[in-house]
Amino acid sequence: MGFEAFHHVVLVVENLAEAETFYCELFEMDVRFREGERDGDYGRVPDHPDWETAVADGVTPAMSFLGNGALSLALAASDDPVEGGRVDHLAFQVNESFFDSLPDRARSLGCAVDERETTAFVTDRYGMEWELKTSSPPPTCPFEEI
């Protein structure tokens with residue numbers, strides 16, 4: 001097998017600091033590291049408590065890498081309007097505890113949630129659809145037969 005694990009997803013967002021806060025809260029993620037540009041040099045941003053502090057130190061935000069367990073989510077800053085996200089949807093297997101707590105947390109953050117028996121479809125405020133499943137591969141269809 002050539003593929004061993006899913007590595008990361010990159011989403012293009014307009015407001016990097018806002019998106020970072022949102023996804024950290026929605027998916028209980030931590031900031032793993034940040035990237036940016038200062039004085040013409042691109043690289044890892046020193047460990048700042050937030051983007052506001054980094055910007056005050058002369059850093060132009062470029063990317064945030066967030067994580068929870070095996071999932072790494074990268075957010076890339078863009079000045080261009082992003083409508084409906086840059087990816088159709090993402091699907092991940094999650095444990096039951098996380099799955100059970102997600103719908104209420106997502107709704108409290110203004111997300112649309114469509115719950116099925118072992119699957120939840122969450123459409124976030126950036127138009128990205130997240131499919132979160134408790135069933136293990138191979139994939140099963142979460143819809144009733146038509």
Close side-chain approach of [X] and [Y], heavy atoms under 4.5 Å:
X   : Y    : result
M29 : L71  : yes
N68 : D30  : no
E25 : L109 : yes

Taking atom [atom1] of [X] and atom [atom2] of [Y], what is their separation to the nearest 0.5 Å?
X    : Y    : atom1 : atom2 : value
C111 : F121 : SG    : CZ    : 15.0 Å
L132 : T118 : CG    : OG1   : 11.5 Å
L90  : E131 : CG    : CD    : 10.0 Å
R32  : L73  : CZ    : CG    : 10.0 Å
L102 : R107 : CG    : CZ    : 9.0 Å
L66  : F22  : CG    : CZ    : 12.0 Å

*List the atom of P103, the atom of E115, and the distance in Å for their closest heavy-atom pair.*
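So the two residues come closest at CG-OE1, 3.4 Å.
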_Taking every non-hydrogen atom, the tightest pair across A62 and Y42_ =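 So the minimum-distance heavy-atom pair works out to CB-CE1, 3.4 Å.
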Are a donor atom and an acceptor atom from the side chains of [X] and [Y] found within less than 3.5 Å of each other?
X    : Y    : value
T119 : K133 : yes
D100 : S97  : no
T134 : E96  : no

*Hey, mind stepping through D114 and R116 against salt bridge (Lys or Arg N to Asp or Glu O under 4.0 Å) and telling me if it holds?*
CA-CA 7 Å; D114 178 10; R116 310 289 168 120; 2.7 Å; yes
Is there a path of hydrophobic side-chain contacts, each under 4.5 Å between heavy atoms of I, L, V, M, F, W or Y residues, that connects [X] with [Y]?
X   : Y   : result
M63 : V55 : no
Y23 : V31 : yes
V13 : V10 : no

_F27: which residues meet the ring pair (Phe, Tyr, Trp, His ring centres under 6.0 Å) condition with it, sequence neighbours left out?_
W130
_For E37, is the CD atom crowded, meaning more than 12 foreign heavy atoms sit under 6.0 Å from it?_
yes
*Does a sphere of radius 6.0 Å around CG in N95 hold more than 12 heavy atoms from other residues, nucleotides or ligands, not counting ones at 6.0 Å or beyond?*
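Yes.
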_Could you work out, with side chain to side chain contact (heavy atoms under 4.5 Å, CB included) as the rule, every residue matching A54, not counting sequence neighbours?_
V45, H48, W51, V59
Please name all residues satisfying salt bridge (Lys or Arg N to Asp or Glu O under 4.0 Å) with [X], sequence neighbours left out, ordered by chain then number.
X    : result
R38  : none
R44  : D47
R105 : E28

*asked:* Centre-to-centre under 6.0 Å for F92 and F99, is that the case here?
replied: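 Ring centres of F99 and F92 not closer than 6.0 Å.
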*asked:* Please list all pairs meeting ring-ring contact (aromatic ring centres under 6.0 Å, His included) that have one or both residues in residues 57-80, counting only residues at least two apart or in different chains.
replied: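 Residue pairs with at least one partner in residues 57-80: H8-F65, F33-F65.
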*Should E14 and S78 be marked as a side chain to side chain contact (heavy atoms under 4.5 Å, CB included) after you check the CA-CA gap, both sets of side-chain angles, and the distance that decides it?*
CA-CA 5 Å; E14 288 181 63; S78 173; 5.6 Å; no
*asked:* Show, in sequence, the C-alpha distance, side-chain angles and deciding distance for R34 and E20, and conclude whether the side chain to side chain contact (heavy atoms under 4.5 Å, CB included) test is met.
replied: CA-CA 10 Å; R34 296 177 175 117; E20 178 184 284; 2.6 Å; yes
